[in-house]
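Heads up: the structure comes next, in C-alpha cells.
Note that this is a predicted model, so its numbers are computed, not measured. Just so you know, ligand 1 is whichever comes first in the structure, and atom 1 is the first atom listed for that ligand.
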Amino acid sequence: MNYVLQTHQLTKQYGSHAIVSDLNMNVKAGDIYGFLGQNGAGKTTTLRMLIGLIRPTSGEFELFQESFHGNRIKALERIGAIIEYPGFYLNLSAVENLEIHRRLMGIGNQESIDEVLTTVGLFDVKKQKVKHYSLGMKQRLGIARALLHRPELLILDEPTNGLDPGAIREVRELFLKLAKQRGITFIISSHLLSEMEQVANRIGIIHKGRLLEEIDDKTLQQKTRRFLEMKVDDDQRAAYVLEQKLKVTDYQVAGTGILRIYECLDQTDLVNKTLTDQNIGVKEIVLSRENLEDYFLKLTGGDKLA
Ligand SMILES: Nc1ncnc2c1ncn2[C@@H]1O[C@H](COP(=O)(O)OP(=O)(O)OP(=O)(O)O)[C@@H](O)[C@H]1O
Ligand SMILES: [Mg+2]
C-alpha cells in the first residue's frame with residue numbers, strides 16, 4: 001500500500017503534560033483523511049509536528065515513505081499546508097498576495113497564479129483587495145496559495161471554521177475536485193462530524209491526545225446502526241406494547257415521546273398498526289441511521305464534540 005503519511009508513537013509533551021500521545025496515523029495516497037476531534041484534542045499540535053513547525057517529544061513519522069527527519073526539505077516541497085488561519089496583506093489584491101508568496105518561495109510563474117486562482121474559483125475577483133473578501137473567499141485564497149507549488153499532499157487545519165453553510169459546501173466541493181482531478185491527498189482537521197462525514201473517505205478520531213480509531217467510510221456506515229425512530233404520544237406505553245406484542249428488546253427512549261427501535265426495520269406498517277391498535281398516537285415513523293456523532297459519543301464514552 002502506498003502510504004503518504006505514517007506516524008509511529010508520535011508524542012508531544014509540554015513539561016509533564018502529554019498533549020499528543022503515541023499517535024499511529026496512516027494516510028494513504030488519494031485519501032481525504034478527516035482528522036476529527038473536539039477543541040483541545042491535539043489536532044493542531046499534531047499537524048504542526050507533521051510540517052516541522054514543532055518537534056515531537058518522541059516517536060517518528062514518514063512522509064512519502066521516507067523518514068521526515070531524514071529529509072525534511074524534500075518532504076516539505078511536496079506538501080501544502082494551512083495551519084489555523086491563513087494570513088494575507090489585506091490592502092493588496094489576491095494576485096499581489098500570491099505574487100509575493102511565489103517570489104519568496106521561488107516557485108511557479110504568473111500563469112501558475114492564474115491557474116490556482118481559477119482552480120479555487122477566484123479568477124474573476126483576483127484584482128480585488130483581500131480586505132473585501134468574505135471569509136470563505138479568504139479560505140479559498142489560502143488554498144490557492146498552498147497549491148502554488150503543486151503539492152501532492154495538502155494539510156489543512158479546520159479549513160471550514162467560521163464559514164457559513166454555503167461557503168462550507170463550496171470548499172468541500174473544491175476538496176473533492178482536487179482529490180479527483182489532481183489526485184491530491186488531504187489531511188483535514190475538524191471538530192465538525194457532519195462535515196467530515198460528507199468529505200472524508202477515512203477518519204481518524206483523536207480524543208485527549210490519543211487516536212481512538214481510524215476508520216474508512218464504508219466500515220463506518222456498517223458500524224453505525226440503522227433504526228426506526230418514532231414520535232409517539234406516550235413513549236413508556238409504546239415501549240411496553242412493542243416489548244409485549246412484537247418482542248422488541250433492542251430499543252431506547254431518545255427523548256420525550258421519541259422511541260428508537262433497532263429491530264423490525266422493514267416492518268414499519270406492522271409497528272405502526274401494533275401501536276395504534278393499542279390506542280397509542282403515532283405521529284411519525286422514519287428509518288434512520290446513527291450518525292458519526294452517535295458513534296463518536298460511544299467511542300469517547302459520552303464526551304460530546306464542542
Ligand atoms: N505551546 C504550548 N504549550 C503548552 N500547551 C499547549 C501548547 N500548545 C497547545 N497546548 C495545549 O495542548 C492542547 C491541545 O491543543 P491543540 O491546539 O493541539 O488542540 P486542537 O485539537 O487543535 O484544538 P482546537 O479545536 O481548539 O483547535 C490544549 O490543551 C492546549 O492548551
Ligand atoms: Mg486547533
Next on the checklist: Less than 4.5 Å apart, side chain to side chain, heavy atoms only: is that true for N26 and Y33?
Outcome noted: no

Item to check | side chain to side chain donor-acceptor pair (under 3.5 Å) against E60, all qualifying residues, sequence neighbours excluded | outcome: none

What does the contact table look like for ligand 1 (nitrogen or oxygen on each side, cut-off under 3.5 Å)?
residue, atom, partner, partner atom, Å
ligand 1, 18 (O), T45, N, 2.9
ligand 1, 18 (O), T45, OG1, 2.5
ligand 1, 19 (O), G42, N, 3.3
ligand 1, 21 (O), A41, N, 3.2
ligand 1, 21 (O), G42, N, 2.9
ligand 1, 21 (O), K43, N, 2.8
ligand 1, 21 (O), K43, NZ, 2.9
ligand 1, 22 (O), T44, N, 2.9
ligand 1, 22 (O), T44, OG1, 2.7
ligand 1, 23 (O), G40, N, 2.7
ligand 1, 25 (O), N39, ND2, 2.9
ligand 1, 25 (O), K43, NZ, 2.8
ligand 1, 25 (O), E158, OE2, 3.2
ligand 1, 26 (O), N39, ND2, 3.0

Item to check | Nearby protein N/O/S atoms (those under 2.8 Å) for the Mg ion (ligand 2), with water ignored | outcome: T44 OG1

Checklist entry - Under a 4.5 Å cut-off applied to non-hydrogen side-chain atoms, are E152 and F64 in contact? => result yes

Next on the checklist: My understanding is that a hydrophobic cluster links ILVMFWY residues whose side chain heavy atoms are under 4.5 Å apart, including indirect links. Using that, what else belongs to the cluster containing I280?
Outcome noted: L228, M230, V232, V241, L242, L246, V248, Y251, V253, L259, I261, L265, L270, V271, L275, V282, I285, L287

Next on the checklist: Would you say that more than 12 heavy atoms from the other residues, nucleotides or ligands in this model lie under 6.0 Å from the CG of L104, or not?
Outcome noted: yes

Next on the checklist: Does the plane of the ring in F175 sit parallel, tilted or perpendicular to the ring in F186? Use 30° and 60° as the thresholds.
Outcome noted: tilted

Checklist entry - Should we say atom NZ of K273 is surrounded by more than 12 heavy atoms from elsewhere, each under 6.0 Å from it? => result no

Checklist outcome for this item: The residue among T118, L141, L117 that forms side chain to side chain contact (heavy atoms under 4.5 Å, CB included) with K126 is L117

Item to check | Any side-chain heavy-atom pair of L299 and H207 under 4.5 Å | outcome: no

